[in-house]
Protein chains: 2
Amino acid sequence: MARDAALERRVLDVLWQGGEWSVRQVLAEVDEPLAYTTIATVLDRLHEKGQVQRVKQGVSWQYWAARSKDEALAAEVGRLMARAEAAPEPMLVAFLDQVERVDPDALDRLEALLEARRQRK
Amino acid sequence: MARDAALERRVLDVLWQGGEWSVRQVLAEVDEPLAYTTIATVLDRLHEKGQVQRVKQGVSWQYWAARSKDEALAAEVGRLMARAEAAPEPMLVAFLDQVERVDPDALDRLEALLEARRQRK
DNA sequence: GAGTATCTACGACAAATCGTAGTAGGAGAC
DNA sequence: GTCTCCTACTACGATTTGTCGTAGATACTC
């Protein structure tokens, strides 16, 4: 029952909604019958890992995501790419395959983004 | 010292070179002072997880990767995309960012691939 | 055919990660 | 002062991964 980091991701998803959150607020938002301390522990561990930041507000902490969801996503992609050892060709193909599979229209949007990026440069 | 699956990946990298491998061959290729049984165990576990296949050759097994490196890569990308919950827009941007960072020229190749794909359809 | 080498099957153990929560103690609210 | 809430600390069990050891079967060599 432990190895997919599901709860950590769920908590991060809450924080990614933006703003600062107390443990209790996160607990309410996660909407699962979990103990207060469970969420507190998860937030604490995410803080140790540098994935969330926090500041003391009176007696309690306020937490927020250290990186936006998009940044986290980009980091994941980067890690994948690093693992693929640069050689991006198969990576590119794999990516297009997956994009197409999930959402065929996304290919058009991707092309638009590419175009925009080219202009910008 | 356990959680990054580094050895499993190293073993997979060996298998991805293609062909069938005995435990001993993999051990030699990995080129680390590890026990024979260490590699045997890793291969066994990868087999249990369906990541490698094997066939008995006399007394010993021959192993090979169940999926090519490219396929595994595509699966990873797919998993990432699923986690990003479809919303492919930030995913697309993140991807382009990373591609550009790793290899600016790859953007051109990506565009070519996109074009080709459009033709094909 | 006995001795040696080689494999596999099984089991183990330690470290790390993660889900989950209890307890103790402090600080504020009334 | 008592009640409530929060943090800090600790803990435990499951799972994953790295790393081997042992035992038993098979094969190769004289």
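This one's a predicted model, so the numbers in the text were calculated from it and none came from an experiment. Residue numbering restarts at 1 for every chain, and letters A, B, ... go by the order of the sequence lines.
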Could you go through residues 50-64 of chain A and list every donor-acceptor pair under 3.5 Å that involves a side-chain atom there, pairing it with any protein atom two or more places apart or in another chain?
unit_1	atom_1	unit_2	atom_2	d
A/Arg54	NH1	A/Asp44	OD1	3.1
A/Arg54	NH1	A/Tyr63	OH	3.2

Kindly list each side-chain donor-acceptor pair under 3.5 angstrom involving residues 28-36 of chain A, sequence neighbours excluded, with atom names and distances?
unit_1	atom_1	unit_2	atom_2	d
A/Glu29	OE2	A/Gln17	NE2	3.2
A/Glu32	OE2	A/Arg10	NH1	3.0

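With contacts defined as side-chain heavy-atom distances shorter than 4.5 Å, the pair B/Leu7/B/Thr38 qualifies.
With rounding to whole Å, B/Arg10 atom CZ is found 15 Å from D/dT17 atom P. Rounded to a whole Å, the CG atom of B/Leu7 is 13 Å from the C1' atom of D/dC20. Between the OH atom of B/Tyr36 and the C1' atom of C/dC10 there is a distance of 15 Å, rounded to whole Å. A/Glu48 places its CD atom 11 Å from the P atom of D/dA8, with the value rounded to the nearest Å. One interatomic measurement links the two molecules: CG of A/Asp4 to C1' of D/dA14, which rounds to 12 Å at whole-angstrom precision.
Residues from residues 59-67 of chain A that place a heavy atom under 4.0 Å from any atom of DNA chain C: there are none. Residues from residues 39-47 of chain B with heavy atoms under 4.0 angstrom of DNA chain D, sorted by number: B/Thr41, B/Arg45. For the segment residues 17-34 of chain A, residues with any heavy atom less than 4.0 angstrom from an atom of DNA chain C are, sorted by number, A/Leu34.
Taking only side-chain nitrogens and oxygens, A/Thr38 comes nearer than 4.0 Å to OP1 or OP2 of C/dA21. Close to D/dA25, at under 4.0 Å from its OP1 or OP2, lies no side-chain N or O of B/Lys56. Regarding contacts with the backbone of C/dA16, every side-chain N or O of A/Lys49 stays at 4.0 angstrom or more from both OP1 and OP2.
Comparing C/dG19, D/dG21, C/dC18 by their closest approach to the side chain of B/Thr37 singles out D/dG21. Of the candidate nucleotides C/dT8, D/dA8, C/dG19, D/dA8 has the atom nearest to the side chain of A/Arg54.
Legend: residues meeting side chain to side chain donor-acceptor pair (under 3.5 Å) with B/Asp97, ordered by chain and number and at least two apart, are A/Arg117. Residues satisfying the salt bridge (charged side-chain N to carboxylate O under 4.0 Å, His left out) criterion with B/Glu115, sequence neighbours excluded, are absent altogether. Here B/Arg101 pairs with B/Gln98 under the side chain to side chain donor-acceptor pair (under 3.5 Å) rule; sequence neighbours left out. With sequence neighbours excluded, the residues that form a side chain to side chain contact (heavy atoms under 4.5 Å, CB included) with A/Ala94 are B/Ala74. In terms of the side chain to side chain contact (heavy atoms under 4.5 Å, CB included) criterion, residue partners of A/Asp103 (sequence neighbours excluded) are, by chain and number, A/Asp105, A/Ala106, A/Arg109, B/Pro88. Under the rule for a salt bridge (charged side-chain N to carboxylate O under 4.0 Å, His left out), the partners of B/Arg79 that lie at least two apart in sequence or sit in another chain are B/Glu76.
Within the structure, ring pair (Phe, Tyr, Trp, His ring centres under 6.0 Å) contacts touching residues 94-114 of chain B (residues at least two apart or in different chains) are A/Phe95-B/Phe95.
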Walk me through whether B/Glu89 and A/Leu113 qualify under side-chain contact (heavy atoms from CB on, under 4.5 Å).
CA-CA 9 Å; B/Glu89 216 67 32; A/Leu113 285 173; 4.1 Å; yes
